[in-house]
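I have placed the structure first, in the form of structure tokens, so that the comments after it can refer back to it.
Numbers restart at 1 for each chain; the letters A, B, ... are given by sequence-line order, proteins then strands.
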Amino acid sequence: MLGYRSMFIEFDPSVSIDRILREITLENDAFGASFEPQVRPADERFGDFQANGILPFAKKAGLNPRDLAQKLIGLLPHSDFWETSIAGPGFINFKLSPLFFKKWIEKFKNAESFRNAAEVKKPQKIVVDFSSPNTAKQMHVGHIRSTIIGESLARLFSFIGHEVIRDNHLGDWGTQFGILLFAIKKENISLEDLGTDPITKLENLYRMGNGWVKDDENKLVQAREELVKLQNGNPENLALWQKIKDISMDSFLGIYKMLGVQFDYSLGESFYKNKVEPVYEKLLHHQICVENAGALVVFHPEHKRFSKQPFIIRKSDGASNYASTDLATVEYRRKEWQSEQIIYVTDGRQRDHFEQLFMTVQKWFSKEKNICPILKHVWFGTILGEDNKAIKTRDGEPIKLIDLLNESIERAKALVVEKNPDLENSEVSRRAKIIGLGAIRYADLSQDRTLDYVFSWEKLLAMQGNTGPYLQYAVARIHSIFRKVGLKPNEIRISDYPPTSDSEKKLARKLLFFSGAIKQTIKELKPHFLGTYLYELTTEFSSFYSQNKVVVEENEIKFLRLILCARTLCVLEIGLDILGIETLQEM
RNA sequence: GCUCCCGUAGUUCAAUGGAUAGAAUAUUGGUCUCCGGAACCGAAGAUCUGGGUUCGACUCCCAGCGGGAGUGCCA
């Protein structure tokens, strides 16, 4: 009887506690199947986990919550793994025993066992659609969030066992090409000979062209003609367009390489331009869309807003727009790739668009009795300028993404040189890159993605306090300890001792919450939950490190502390890798 | 007009409806014979206003106030 009820050492201990509470309440008259344990991590002062479910349950049943809590505790089989107590109005606190910590540390011993423990039961094929810059322009600060958040989510999905397809949905078929082609021809520019920074040249040309057409109706007409020629397949314009795309991709790839991002596909809107006609036909056939003022639009009568606000899928001049290509894209990803889930990582200002897109797709797929992939819009806040307005490309000075990245690397370089005056240049550069890019990534990923923030160099490039380099520093120090003892982290044997000192226990305790942090990050698709957890783990480590000397005479104490270091290192390296932040052995 | 997002220490950010709202930074006092001071320990400092729901509200609902966004042919 106690066999199946006995506590298993789970990656997430709250799972075991929840299961046992459900088992013992299920057959009991006082509780029954409707009892929800509500197991949460507890405040350190009270224990390690708490079950809050007694309070609402007692209220509903008209019982005294403390009495009921007492009853529940009475039903619990004795365990060497925890102590329970009732507190406040009826919280049940679980304080895990040193034995539990010892067993947990023994069981989850390397990246492999962490990964296995975190794996989902049913892996899915998930498309992550992110970054998606427009060709003919440089990537600017506005693109950093999609790129970094998207990559992090992709890594997270992979970590828990999903199959991930990274797709860079390039904006390579917009109206910008009319203006750009016009400018190229008028200035008689050769795209083969744009010098060392071709993308900047293109961008300047576009800006120039944009200025012309604004003031001159005649030039606007000519630019439109170039666009029409391109869309009709004019070979000259098509060749120029392809060349522009190649130049753009070169510049994007430089940034992706720095950031460790690799796409499986970069299909872009142009890929779908010939796939929209059948979509129109199908949606018309199913009476999902209607013609309205010359355009083809979708209304959703059941929706308070979209019953009036149209989703325009074909413009009145017959041309497609991003709604058209997005529809075709969903169909392609489902049919060709069998995607079960599609995640779009874009600016929050596109929320209406995606809401309308998703509703339309669901109706469409439902009519055809096709399985509709799970569609999620992972939106993020705007990066604002000093004036609290979005940083825009057209006016003002857009901050180029490449400049931001390089600036951070330069700042890191100065610090690395300051700390290591004799280090050779190549190693300085290597470390500076990892530290500088880590700082930027962490700055963005450590805050809730849905919030806007005002752009500031200081914020993005900070290297002290709650920052990427702080986490990297802890990793480097752990490596340093292992160098000192001449052992590798995976060579550390289990100590006979469980965590005993205050900071040993606190550190071990924090390690247990890794799984919870992963789950919460997945549930909300918000990497800052993981970032916050890693920061908290790091502060526990730093505290432990300064209060407990690791390399001591007594072997069992030494190995206990070394194993805590090894496990902390493992969690930090896995977690930081999910955030896309590289680590160093020395910094 | 309608819809959505956001108002938390001086500043920048946290807080699956749960116990005394956590950090960073700035200010300030310590650690400084230490396995790496990019560190550690301490002090001080905050939930926009008013109602409501709840055993319990930063969190949910309503009304204000303030900031931002979207709202038919850009993406």
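Across all strands, A/H528 comes closer than 4.0 Å only to sugar-phosphate atoms, never to a base (heavy-atom distances). Contacts of A/D172 with the nucleic acid, taken as non-hydrogen atoms under 4.0 Å apart, are absent. Among the atoms of the strands shown, base atoms are found under 4.0 Å from some heavy atom of A/P56. Nucleic acid contact for A/A293: base, since at least one base atom lies under 4.0 Å from a heavy atom of the residue. At the heavy-atom level, A/N548 lies under 4.0 Å from base atoms of the strands shown. Heavy atoms of A/S316 sit under 4.0 angstrom from at least one base atom. Across all strands shown, A/A42 has no heavy atoms under 4.0 Å from either base or sugar-phosphate atoms. Using a 4.0 Å heavy-atom criterion, one finds that A/V454 contacts no nucleic acid atom at all. Using a 4.0 Å heavy-atom criterion, one finds that A/K459 contacts the sugar-phosphate atoms exclusively.
RNA chain B is contacted by both A/G88 and A/Y535; A/G88 maps to the nucleotide lying nearer its 5′ end (nearest heavy atom per residue).
For the pair A/N466 CG and B/rA38 P, the computed distance is 17 Å after rounding to whole Å. With rounding to whole Å, A/L537 atom CG is found 15 Å from B/rA23 atom C1'. Distance CG (A/D452) to P (B/rC4): 17 Å, rounded to an integer number of Å. Rounding to whole angstrom units, CD1 of residue A/I312 and C1' of B/rG70 are separated by 14 Å. The separation between A/H353 atom NE2 and B/rA69 atom C1' is 16 Å, rounded to whole Å. A straight line from CG of A/D448 to C1' of B/rU8 spans 14 Å, rounded to a whole angstrom. Rounded to whole Å, the distance from CG on A/L560 to P on B/rC35 is 20 Å. What separates CD of A/Q447 from C1' of B/rC6 is a distance of 13 Å, to the nearest Å.
The separation of B/rC48 from B/rC65, taken at their C1' atoms, amounts to 8 Å, rounded to a whole angstrom. Across B/rU25 and B/rC62, the matching C1' atoms stand 37 Å from one another, rounded to whole Å. Nucleotides B/rA24 and B/rG45 place their C1' atoms 14 Å apart, quoted to the nearest Å. Comparing the C1' positions of B/rA21 and B/rG17 gives a spacing of 14 Å, expressed to the nearest Å. Between the P atoms of B/rA23 and B/rA44, the separation comes to 13 Å (whole Å). Nucleotides B/rC58 and B/rU8 place their C1' atoms 7 Å apart, quoted to the nearest Å. With C1' as the reference atom, B/rA46 and B/rA26 are 15 Å apart, rounded to whole Å. Distance check on atom C1': B/rC60 versus B/rU54 gives 10 Å, rounded to whole Å.
B/rA26 is unpaired under the Watson-Crick or G-U wobble criterion, no partner having all donor-acceptor distances under 3.5 Å. Shown here, B/rA15 forms no base pair; nothing in the strands shown gives a Watson-Crick or G-U wobble contact with both key distances under 3.5 Å. Using Watson-Crick or G-U wobble geometry with both donor-acceptor distances under 3.5 Å, B/rU71 finds its partner in B/rG1. Remark: B/rU53 base-pairs with no nucleotide in the shown strands. Criterion, Watson-Crick or G-U wobble with two distances under 3.5 Å. As the counterpart of B/rA39, B/rU31 is assigned, both hydrogen-bonding distances of the Watson-Crick or G-U wobble pattern falling under 3.5 Å. The base-pairing partner of B/rC65, taking Watson-Crick or G-U wobble contacts with both distances under 3.5 Å, is B/rG7.
Of the candidate nucleotides B/rC35, B/rC13, B/rG72, B/rC35 has the atom nearest to the side chain of A/I481. Nearest nucleotide to the side chain of A/P310, out of B/rU20, B/rG36, B/rG72: B/rG72. Taking the side chain of A/K419 as heavy atoms from C-beta on, and the options B/rA38, B/rC55, B/rC40, the nearest nucleotide is B/rA38. Distances from the side chain of A/L451 to the nucleotides B/rC40, B/rC13, B/rC4 place B/rC13 closest. Among the nucleotides B/rA39, B/rC55, B/rA23, the one closest to any side-chain atom of A/S542 is B/rA39. In this structure, of B/rA38, B/rC5, B/rC4, it is B/rC4 that holds the atom nearest to the side chain of A/K304. Minimum atom distance to the side chain of A/L55 is reached by B/rG18, of the listed B/rC35, B/rG70, B/rG18. Taking only side-chain atoms of A/Q350, from C-beta outward, the nucleotide of B/rA38, B/rA75, B/rA19 with the closest atom is B/rA75. Of the listed nucleotides (B/rG36, B/rU3, B/rC6), B/rG36 has the atom at the smallest distance from the side chain of A/S480. Side chain of A/P469, nearest nucleotide from B/rC73, B/rA24, B/rA38: B/rA38.
Taking only side-chain nitrogens and oxygens, A/T450 never comes nearer than 4.0 Å to OP1 or OP2 of B/rC5. Contact annotation: A/Y545 side-chain N/O to B/rC41 OP1/OP2 distance is not under 4.0 Å. Between A/K558 and B/rC35, a side-chain N or O to OP1/OP2 separation shorter than 4.0 Å is absent. At least one side-chain nitrogen or oxygen of A/K59 sits closer than 4.0 Å to the OP1 or OP2 atom of B/rC55. One finds no side-chain N or O of A/S546 lying less than 4.0 angstrom from the OP1 or OP2 phosphate oxygen of B/rU31. Under 4.0 angstrom from either OP1 or OP2 of B/rC74 there lies at least one side-chain N or O belonging to A/K315.
Between the side chain of A/T175 and the base of B/rC74 there is no donor-acceptor pair of N/O atoms closer than 3.5 Å. Residue-to-nucleotide contacts include a donor-acceptor pair under 3.5 Å from the side chain of A/Y322 to the base of B/rA75. The base of B/rA19 sits within donor-acceptor range of the side chain of A/Q50, with an N or O pair under 3.5 Å. Not a single donor-acceptor contact under 3.5 angstrom links the side-chain atoms of A/D43 to the base of B/rA15. In this model, a side-chain donor or acceptor of A/N292 finds a partner on the base of B/rG72 within 3.5 Å.
For the pair A/K137 and A/Y206, the distance from NZ or CZ to the six-membered ring centre is under 6.0 Å and the angle to the ring normal is within 45 degrees. For A/R449 and A/F380, the positive end is not near the middle of the six-membered ring at less than 6.0 Å and at most 45° from its axis.
If you check the side chains of A/D326 and A/Y272, you find no donor sitting under 3.5 Å from an acceptor.
Crowding of A/K273 atom NZ: a count of heavy atoms from other residues, nucleotides or ligands under 6.0 Å exceeding 12.
A heavy-atom distance below 4.5 Å is found between the side chains of A/W457 and A/R411.
Between A/K433 and A/E582, none of the side-chain N atoms (NZ, or NE/NH1/NH2) sits under 4.0 Å from a carboxylate O, so this pair counts as no salt bridge. Between A/R22 and A/E36, at least one side-chain N (NZ, or NE/NH1/NH2) sits under 4.0 Å from a carboxylate O, which counts as a salt bridge. Taking a cutoff of 4.0 Å between a charged side-chain nitrogen and a carboxylate oxygen, A/D48 and A/K95 do not qualify as a salt bridge.
The aromatic rings of A/F11 and A/F514 sit perpendicular, their planes meeting at an angle over 60°, well past the 30° parallel limit.
By the criterion of a centre-to-centre distance under 5.5 Å and near-parallel planes under 30°, the ring of A/F46 forms a stack with the base of B/rA19.
The aromatic ring centroids of A/F311 and A/F306 lie 6.0 Å or more from each other.
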